[in-house]
Amino acid sequence: MDETQWWNKPLIGETSFSEKIVRLIHKKSVPEKIILAHRKYNREIRAKAWHVQRIELNKFDNEDFLTYAKMRVLIEKELGEFKGLKRIIQFLELALTAAESYLLISETELQFRSPLQKSIYKFISQVLATQDHQTVIAILHKKVWPLLDRIKTDKGRIVLQEYLKAIDNVAQYPDGLELLRLFKQATYSYTVLRAISSISKTLTKSDTYDVTQLSLHIRDNQDVFNHLTEILQIPAEHDNPRSYARMLQFIAFKYRYQKNDIEFQELLQRLRDWQLPYLNIVDLRKEYSTQDYSLPQAFKEPIPAVDIYEKYQQYL
């Protein structure tokens, strides 16, 4: 027969009632070095929390903006319905941003076909196909721009000059010349570029944020988007109106919220900085809990800006 007194028998688990009482009365003290570490992280997080709170101020509660922010995370991490589309979206956004320059290049090559002009177009295509970005720019300025002096008419010189300026304009973008190479390889690029130029002028309208409306617009211009699929080498699983609509919706949101996004990205970076001392504090408080230790008041105080961190954690 077990003659152990009731107060020495475990109530739940392996710990007896008397042991629980002893623990409550004789809790261990948190080591001094841990208190100092906690104090250091607390100072750090308070300084960082001030910046987080200053930027946030409930500025980013707009539903459309948060939709854009979620899309951006999925694109950057290539997840969900945007898997495999990051590079495609970069090209599509560039095509829309520099649409007028790409269209001018294409129009010039179609309309102005003197022997010298045709040789220039062919030379540029060869250079684009074989050289890197910076080398292409250097070659054009060294070998093509001087050819302006060989053009006999004022009109011809102006045409070539504007053509070369348009190439310089797209070359200011890291992927600008790569996209130009893709367009020059396609025989139907002029038709596609005219459509892209038209789309770029409507991206700030309110109905461009609606996926259904965008999908209908894409269906009405299916041939153009079929050609664009080949030019941009869009994966087969994304060759459909909804995928295009989502890509265009993201780009439209990006145009609309570019100023807000600068501040939002600053907030996210501040939260990443804030997160470092936060995780250290959480680890210390977990290891030195109130169950086993007599805690200093600092261990019980709420962590500043934790509500903002939880609100935007999914965007980090």
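In summary, R46 and E301 engage in a salt bridge, as defined by a charged side-chain N under 4.0 Å from a carboxylate O. E266 has a carboxylate O that lies under 4.0 Å from a charged side-chain N of R54, or vice versa, which qualifies the two as a salt bridge. Looking at E44 and K48, no side-chain N of the basic residue comes within less than 4.0 Å of a carboxylate O on the acidic one, giving no salt bridge. Note on R256 versus D261: no salt bridge recorded, every NZ/NE/NH1/NH2 to OD/OE distance being 4.0 Å or above. Ion pairing of R157 with D154 is present here, as a side-chain N (NZ or NE/NH1/NH2) and a carboxylate O approach within less than 4.0 Å.
For the residue pair D132 / T135, a side-chain donor-acceptor distance below 3.5 Å is found, with atom types taken as modelled. For the residue pair S197 / Y102, no side-chain donor-acceptor distance below 3.5 Å is found, with atom types taken as modelled.
Considering only heavy atoms from C-beta on, R87 stays 4.5 Å or farther from L232 through its side chain. Counting only heavy atoms from C-beta outward, the side chains of V136 and I167 never approach each other to under 4.5 Å. Contact check for Q90 versus L94: no side-chain heavy atoms found under the 4.5 Å cut-off. With a 4.5 Å cut-off on side-chain heavy atoms, R113 and Y121 count as touching. With a 4.5 Å cut-off on side-chain heavy atoms, L128 and K184 count as touching. At a threshold of 4.5 Å between non-hydrogen side-chain atoms, the residues R246 and M71 count as touching. Counting heavy atoms from C-beta on, the side chains of E56 and H51 never come closer than 4.5 Å. Between L248 and L96 there is a side-chain heavy-atom pair separated by less than 4.5 Å.
In terms of heavy-atom proximity, S106 sits nearest to L193 at CB-CD1, 3.8 Å. For the residue pair I151 and G156, the shortest heavy atom distance occurs at CG2-C, 3.3 Å. Across all their heavy atoms, D239 and I234 have their closest contact at N-CG2, 4.4 Å. Across all their heavy atoms, T67 and F253 have their closest contact at CG2-CE1, 4.1 Å. Closest heavy-atom contact between H38 and A298: CE1-O, 3.3 Å.
Between Y288 and Y293, the ring planes are perpendicular. Angles over 60° get that label, and only those under 30° would be called parallel. The aromatic rings of F65 and Y68 sit tilted relative to each other, their planes meeting at an angle between 30° and 60°.
Q117 places a side-chain N or O within 3.5 Å of a backbone atom of S114 that can act as its donor or acceptor partner. At distances below 3.5 Å, at least one donor-acceptor pair connects side-chain atoms of W274 with backbone N or O atoms of P304.
Within a 6.0 Å sphere centred on NZ of K59, other residues, nucleotides and ligands contribute more than 12 heavy atoms. Around atom CZ of R272, more than 12 heavy atoms belonging to other residues, nucleotides or ligands sit under 6.0 Å away.
Following chains of ILVMFWY side-chain contacts shorter than 4.5 Å, one can reach V282 starting from L316, so the two form part of one hydrophobic cluster. Connection of F225 to L216 is not established within any shared hydrophobic cluster, with ILVMFWY side chains joined at heavy-atom distances below 4.5 Å, either directly or through further cluster members.
Taking the six-membered ring for Trp and the full ring otherwise, the centers of F264 and Y315 sit less than 6.0 Å from each other.
The only option from L36, I303, L276, N280 that meets the side chain to side chain contact (heavy atoms under 4.5 Å, CB included) definition with Y41 turns out to be N280.
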